[in-house]
Amino acid sequence: MLVLSLLAILTPLVAPRVADCQTESTLDSMTQEQWQADLRHLAEQMPKVHINLFHAMTQDQFQTAVKSFDSRVLGLNTDETLVELSRLTAMVQDGHTGYIRPLLYWSKENYPLKLVWYPDGIFVQRAKAEHADIVGGRVVQIGNASIESAYNSIKDIFPHDQGNDGRVRVAGVPLYLTQPRVLHGLHIADTAGEVRYIIEVNGQRKTVVLRPTVTARDISDRSFVKPDSSWVDARDGAVSPTPEWLKHGDRQYWFDYLSDNKTLYVQFNQVLPQTNQSIAAFFGDVFDFLDHHDVERFVLDIRNNDGGDNGYLRPIIVGIIQAKKINRRGKLFTIIGPETFSAAQNLTNRLELYTEMTFVGEPTAENVNFYGDDRRIMLPNSGLAIGMSQLWWQDEDPRDKRSSTSPEVAADMTFDDYRNNRDPALEEILAGKAEPLEETLTRAAGEGFERAIAGFKNWASDPLHHYVANTAERRVNTLGYKLLEQKSIPEAVTVLRVDAETHPDSWNAWDSLGEAYVAAGKAAEAIAAYERSLKLNPENRSGIDALTLLRSKKQ
């Protein structure tokens with residue numbers, strides 16, 4: 001292995017420590033030579049421990065990065081070294097790999113702000129009372145960097161899946177942009193003792209110089225409840241009542257019946273049991289309530305759910321599948337977002353595969369198939385424990401390269417929504433305005449191709465569908481095959497023709513259209529469709545066989 005050939009010429013490693021984690025004093029007393037030995041140990045172990053370290057980078061790229069880091073480590077201070085360790089592990093592009101304890105949830109010192117990313121900027125959502133005048137303000141600059149530059153800097157070092165920066169937004173922004181070692185190590189701040197923030201409040205810019213006085217737990221991305229009364233939140237002055245999704249941020253799961261809308265709302269914040277009730281028992285209560293009350297909509301809210309244990313998911317999936325009352329399009333909804341991660345992504349996948357779910361909100365923070373379940377690498381001198389994924393979770397088709405599950409109904413939350421206690425996702429569900437693509441196409445297919453393709457284009461151009469407008473191919477294809485199974489041949493041909501015409505570079509769409517034409521007894525059209533498919537993918541064996549058979553019959 002190329003990495004090991006590099007390491008073979010490096011100096012011997014120090015024997016690992018027994019301790020599970022380091023103290024801050026240990027880190028600051030480390031010599032540069034000890035850091036160098038830790039780097040070499042990490043680089044040697046990463047390919048051994050991670051199940052597939054080179055899924056997003058090459059061995060040569062990793063070796064080059066290790067060699068470059070090794071050549072510079074003797075000139076780095078502690079904070080720069082921690083940042084560069086993070087940069088190295090972030091190259092894996094895996095949201096479960098590379099967490100370094102003193103920089104994340106375990107940090108004992110952070111600046112006293114909770115910063116949150118929204119589509120319209122990064123805002124001070126919460127702060128200690130002495131800084132109440134900047135709560136609600138938009139961050140313009142941190143130390144020596146503009147907020148845009150600071151965000152891009154942490155995106156390069158914070159663990160996240162390939163092509164998906166959701167975790168950077170919901171966890172990296174609040175934790176790393178208030179973390180003294182990170183800001184100092186990135187040269188955003190001149191020291192780890194204080195930093196300057198420039199905040200725009202009501203059109204006016206204010207400058208505050210802060211010192212680290214709170215812990216990461218006080219500003220955790222999962223915390224929707226103020227740690228204590230010494231904190232001020234942007235929602236404190238809201239006139240509207242607290243929305244459902246923020247009512248019980250301290251609970252792992254709970255439900256409520258919205259009688260005015262005959263909607264059963266279930267919030268599921270973590271795939272781990274509460275001390276007073278198991279997940280199975282909780283969802284047993286949920287489905288019992290569903291059976292005995294007038295429920296027209298079922299909403300499962302997992303936008304705050306960053307995972308847990310997949311072993312607890314079965315009663316949720318089975319219960320929804322068996323709930324014929326609500327397991328139908330237009331009655332069953334799940335709210336997702338950029339904190340939906342890990343076991344919550346697995347839940348999302350299984351809901352997509354086995355139920356009639358409509359997803360609402362924002363894209364999830366995980367690739368649909370992903371690496372997880374980390375195992376720690378212990379660094380011998382610093383005692384740092386750095387996780388590496390050891391399992392590949394593949395709920396979806398192995399060819400499914402989606403970097404997230406995107407909601408069919410887009411409902412992006414702005415900072416003003418948060419501050420004013422609005423919930424765009426639940427509002428869209430209750431309004432019931434968004435028609436599923438399948439209904440639009442099925443209705444239009446009976447009226448001919450021109451009406452069907454116009455219906456698809458109108459659906460795709462609706463802002464409510466902007467996350468899925470360019471990824472609808474699979475859904476249209478699935479609908480086409482469903483119509484074939486139902487012997488609705490003309491409608492199936494129309495739908496699959498819409499799929500092929502709107503995805504002209506998809507060999508699979510043309511292959512499916514060829515199959516529909518065969519079912520319709522239109523050999524010439526089928527041959528043309530298969531020829532188009534094979535031009536795009538000459539290796540499509542089923543298409544080759546189908547085309548050969550069609551041509552032999554034509555002779």
Side-chain angles (χ1 to χ4, degrees), residues 111-140 147 169-171 173-174 177-178 197 199-206 208 214 217-261 263 265-269 299 301-305 333 335-340 360-362 407 409-431:
Y111 296 112
L113 305 173
K114 178 168 182 177
L115 306 181
V116 178
W117 185 99
Y118 288 93
D120 45 341
I122 292 175
F123 292 83
V124 181
Q125 189 157 293
R126 181 190 305 158
K128 295 287 278 186
E130 57 267 31
H131 304 296
D133 61 327
I134 60 171
V135 172
R138 184 177 61 86
V139 183
V140 175
I147 189 59
R169 287 186 269 139
V170 300
V173 166
L177 291 185
T178 62
Y197 290 84
I199 315 292
E200 186 178 272
V201 184
N202 298 324
Q204 301 295 316
R205 292 192 174 187
K206 296 187 177 183
V208 292
V214 302
R217 290 293 179 184
D218 292 331
I219 53 176
S220 166
D221 62 312
R222 293 205 72 252
S223 174
F224 297 101
V225 179
K226 289 186 290 186
D228 55 57
S229 59
S230 67
W231 287 80
V232 174
D233 192 277
R235 292 193 305 115
D236 287 349
V239 175
S240 299
T242 301
E244 294 291 324
W245 79 284
L246 289 173
K247 278 186 176 178
H248 303 293
D250 55 335
R251 298 188 198 173
Q252 284 165 231
Y253 34 82
W254 61 279
F255 72 90
D256 192 11
Y257 180 58
L258 311 181
S259 57
D260 290 348
N261 305 99
T263 297
Y265 174 89
V266 182
Q267 189 171 74
F268 187 43
N269 288 333
V299 178
D301 190 344
I302 57 173
R303 79 183 91 181
N304 303 334
N305 194 320
F333 302 88
I335 301 176
I336 55 176
E339 196 166 341
T340 307
V360 181
E362 302 170 72
V409 180
D412 298 295
M413 178 167 289
T414 67
F415 182 66
D416 275 344
D417 289 330
Y418 174 84
R419 178 164 50 190
N420 293 299
N421 280 338
R422 291 193 299 263
D423 182 359
L426 188 57
E427 288 175 9
E428 287 294 347
I429 292 170
L430 298 180

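All of these numbers come straight from a predicted model, not from anything done at the bench.
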Original post:
Are Gln267 and Phe255 side-chain neighbours, meaning at least one heavy-atom pair lies under 4.5 Å?
Top reply: no
Subject >> Tyr197 and Tyr111 aromatic ring geometry - parallel, tilted or perpendicular at 30°/60° bounds >> reply: perpendicular
**OP:** Answer whether the closest heavy-atom distance between the side chains of Phe415 and Asp120 falls below 4.5 Å.
**Re:** yes
Subject >> Pairwise distance CG(Leu177) to CH2(Trp117) - rounded to 0.5 angstrom >> reply: 13.5 Å
Subject >> Residues which pass salt bridge (charged side-chain N to carboxylate O under 4.0 Å, His left out) with Glu428, listed by chain and number, not counting sequence neighbours >> reply: none
Subject >> Asp417 side chain to Asp423 backbone, donor-acceptor under 3.5 Å >> reply: no
Original post:
Within a strict 4.5 Å, meaning less than it, do heavy atoms of the Leu258 and Glu244 side chains meet?
Top reply: yes
**OP:** Evaluate ring pair (Phe, Tyr, Trp, His ring centres under 6.0 Å) for Tyr265 paired with Trp254, printing each intermediate quantity in order.
**Re:** CA-CA 9 Å; Tyr265 174 89; Trp254 61 279; 5.7 Å; yes
Subject >> Heavy-atom neighbours of Asp250 CG exceed 12 at 6.0 Å >> reply: yes
Subject >> Closest contact, heavy atoms only, Ala132 versus Val232 >> reply: CB-CG2, 4.0 Å
**OP:** Would you confirm whether Asp233, through its side chain, and Arg235, through its main-chain N or O, come within 3.5 Å as a donor-acceptor pair?
**Re:** yes
**OP:** Might you work through the side-chain contact (heavy atoms from CB on, under 4.5 Å) test for Asp256 and Val266, ending with a clear yes or no?
**Re:** CA-CA 7 Å; Asp256 192 11; Val266 182; over 6 Å; no
**OP:** Please step through side-chain contact (heavy atoms from CB on, under 4.5 Å) for the pair Ile335 and Ile429, ending with a clear verdict.
**Re:** CA-CA 9 Å; Ile335 301 176; Ile429 292 170; 3.8 Å; yes
Subject >> Heavy-atom closest pair, residues Pro119 and Asp412 >> reply: CG-CB, 4.3 Å
Original post:
Can you tell me how far CZ of Arg138 sits from CG of Leu115, rounded to the nearest 0.5 angstrom?
Top reply: 13.0 Å
**OP:** Let me see the working for Val214 and Trp231 under side-chain contact (heavy atoms from CB on, under 4.5 Å), right down to the final yes or no.
**Re:** CA-CA 11 Å; Val214 302; Trp231 287 80; 3.7 Å; yes
Original post:
Can you name the nearest heavy-atom pair linking Ala411 to Glu362, along with the distance?
Top reply: O-CG, 3.8 Å
Subject >> Gln125 CD to Leu113 CG distance, which is reported to the nearest 0.5 Å >> reply: 12.0 Å
**OP:** Using a 4.5 Å cut-off on heavy atoms from C-beta on, say whether the side chain of Val116 contacts that of Ile122.
**Re:** no
Original post:
Side chains of Arg422 and Glu427: does their closest heavy-atom pair fall under 4.5 Å?
Top reply: yes
Original post:
Taking Thr263 for the side chain and Asn261 for the main chain, is one N or O donor matched with an acceptor at less than 3.5 Å?
Top reply: yes
Original post:
Closest heavy-atom contact between Ile199 and Ile134?
Top reply: CG2-O, 4.0 Å
**OP:** Over all heavy atoms of both residues, which pair between Asn421 and Pro243 is shortest? Give the atoms and the distance, please.
**Re:** OD1-CD, 3.4 Å
Subject >> Residue pair Arg419 / Ala234: nearest heavy atoms and the distance that separates them >> reply: CG-O, 3.4 Å
Subject >> Atom pair CG/CG of Asp260 and Leu430 - distance to nearest 0.5 Å >> reply: 10.0 Å
Original post:
Are any side-chain N or O atoms of Thr178 and backbone N or O atoms of Pro174, one a donor and one an acceptor, separated by less than 3.5 Å?
Top reply: yes
Original post:
Quick one: are Val124 and Val201 in side-chain contact, heavy atoms under 4.5 Å?
Top reply: no
**OP:** Indicate yes or no for a side-chain donor-acceptor contact from Asn305 to the backbone of Phe268 under 3.5 Å, with no hydrogens or angles considered.
**Re:** yes
**OP:** Might you work through the side-chain contact (heavy atoms from CB on, under 4.5 Å) test for Glu200 and Val140, ending with a clear yes or no?
**Re:** CA-CA 7 Å; Glu200 186 178 272; Val140 175; 3.8 Å; yes
Original post:
How many angstroms lie between OH in Tyr418 and CH2 in Trp245, if you round to the nearest 0.5 Å?
Top reply: 7.0 Å
**OP:** Answer with yes or no whether the side chains of Asp301 and Tyr253 bring together a donor and an acceptor at under 3.5 Å.
**Re:** no
Original post:
For residues Asp228 and Ser230, is any side-chain donor paired with an opposing acceptor at under 3.5 Å?
Top reply: yes
**OP:** Would you give the length of the straight line joining atom CG of Leu426 to atom CZ of Phe333, rounded to the nearest 0.5 angstrom?
**Re:** 10.0 Å
